[in-house]
Amino acid sequence: MNIAIGSDHRGLALKKQVSDILTGMGHDVRDFGAYGAESFDYPDVAIPLAQAVAGDEFKCGVLICGTGIGMSISANKVNGIRAALCSDVFAAKRARQHNDANILCLGAEREQPVREIVEAFLNTEFEGGRHQRRLNKIRNIEM
Ligand code: RB5
């Protein structure tokens with residue numbers, strides 16, 4: 001599947017690691033930046049990446065900053081985006097099962113089972129049903 005990936009300067013190394021994991025799984029990965037180690041404002045990648053994921057070109061996205069918090073706040077401003085900050089496999093599974101999350105946010109400055117989180121996010125299906133009803137209530141306030 002087509003997957004968009006992005007980070008700020010603090011997420012660069014983890015972005016490379018996640019990108020290699022995704023490529024190894026056979027996915028097509030497009031890097032939205034940042035491309036260098038200089039200080040980079042996370043909304044400058046989170047918003048264009050989220051807009052691209054909200055379109056049809058990408059199945060999902062991964063955004064990485066120091067904590068993952070700035071990326072999730074920024075991406076969730078874009079209509080149609082459900083960005084979830086996950087630091088363990090349980091959260092990654094639930095983000096897909098219950099929230100149909102389409103962007104995985106990671107914090108680079110913590111220990112976490114990165115491969116397992118990425119695999120859980122990509123391999124878990126949305127359960128629909130009552131969860132779709134709840135997502136509809138969120139979608140209803142999007143303009
Ligand atoms: C950058 O200093 C840092 O604030 C950013 O990577 C992220 O943690 C913000 O949420």
Side-chain angles (χ1 to χ4, degrees), residues 1-127 131-143:
M1 66 178 74
N2 286 338
I3 300 177
I5 194 165
S7 74
D8 69 358
H9 53 295
R10 290 193 185 270
L12 266 189
L14 183 56
K15 181 174 67 174
K16 171 79 168 76
Q17 184 184 344
V18 172
S19 186
D20 288 347
I21 290 169
L22 293 172
T23 302
M25 292 169 74
H27 299 296
D28 293 321
V29 179
R30 189 194 299 175
D31 186 355
F32 278 67
Y35 304 111
E38 59 277 6
S39 183
F40 188 94
D41 296 341
Y42 55 81
D44 291 342
V45 63
I47 293 168
L49 185 149
Q51 289 169 332
V53 170
D56 273 346
E57 199 179 346
F58 296 95
K59 177 77 174 163
C60 64
V62 181
L63 284 168
I64 305 165
C65 62
T67 59
I69 295 170
M71 289 297 193
S72 57
I73 291 171
S74 304
N76 278 316
K77 297 294 184 189
V78 175
N79 287 353
I81 291 302
R82 295 171 300 281
L85 172 57
C86 302
S87 58
D88 58 33
V89 169
F90 173 79
K93 282 186 180 170
R94 280 289 192 268
R96 290 290 310 130
Q97 290 168 329
H98 289 194
N99 311 114
D100 197 19
N102 49 14
I103 293 182
L104 169 65
C105 296
L106 296 169
E109 295 171 355
R110 66 181 304 153
E111 293 296 316
Q112 58 201 325
V114 174
R115 175 179 290 278
E116 288 79 3
I117 291 170
V118 169
E119 288 177 350
F121 190 84
L122 292 179
N123 295 332
T124 304
E125 294 295 321
F126 177 50
E127 291 179 352
H131 304 297
Q132 184 61 61
R133 184 182 71 239
R134 293 159 186 165
L135 295 185
N136 291 345
K137 292 183 179 187
I138 298 170
R139 194 176 58 195
N140 285 345
I141 67 157
E142 293 181 340
M143 291 171 286

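Ligands are counted one by one from 1 in listed order, and the atoms in each one are counted from 1 as well. Below, each value reflects all heavy atoms present in this structure, side chains not excepted, and no hydrogens, waters or symmetry copies.
For the residue pair Ala84 and Ala95, the shortest heavy atom distance occurs at CB-CB, 3.7 Å.
Relative to the ring axis of Phe121, Lys59 does not place its NZ or CZ within 45° and under 6.0 Å from the centre.
Between Phe58 and Phe32, the two ring planes are perpendicular [angle over 60°; tilted spans 30° to 60°].
A salt bridge does not link Arg96 to Glu127: none of the charged nitrogens lies less than 4.0 Å from a carboxylate oxygen.
The backbone N or O of Gly11 sits less than 3.5 Å from a side-chain atom of Asp8, completing a donor-acceptor pair. For Asn76 (side chain) and Ala83 (main-chain N/O), a donor-acceptor pair under 3.5 Å exists by modelled atom type.
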Can you list every pair where an N/O of ligand 1 is under 3.5 Å from an N/O on the protein?
{"from": "ligand 1", "atom 1": "2 (O)", "to": "Arg10", "atom 2": "NE", "distance (Å)": "3.0"}
{"from": "ligand 1", "atom 1": "6 (O)", "to": "Asp8", "atom 2": "OD2", "distance (Å)": "2.6"}
{"from": "ligand 1", "atom 1": "6 (O)", "to": "Gly66", "atom 2": "N", "distance (Å)": "2.8"}
{"from": "ligand 1", "atom 1": "8 (O)", "to": "Gly66", "atom 2": "N", "distance (Å)": "3.4"}
{"from": "ligand 1", "atom 1": "8 (O)", "to": "Thr67", "atom 2": "N", "distance (Å)": "3.0"}
{"from": "ligand 1", "atom 1": "8 (O)", "to": "Thr67", "atom 2": "OG1", "distance (Å)": "3.2"}
{"from": "ligand 1", "atom 1": "10 (O)", "to": "Thr67", "atom 2": "OG1", "distance (Å)": "3.2"}
{"from": "ligand 1", "atom 1": "10 (O)", "to": "Gly70", "atom 2": "N", "distance (Å)": "2.8"}

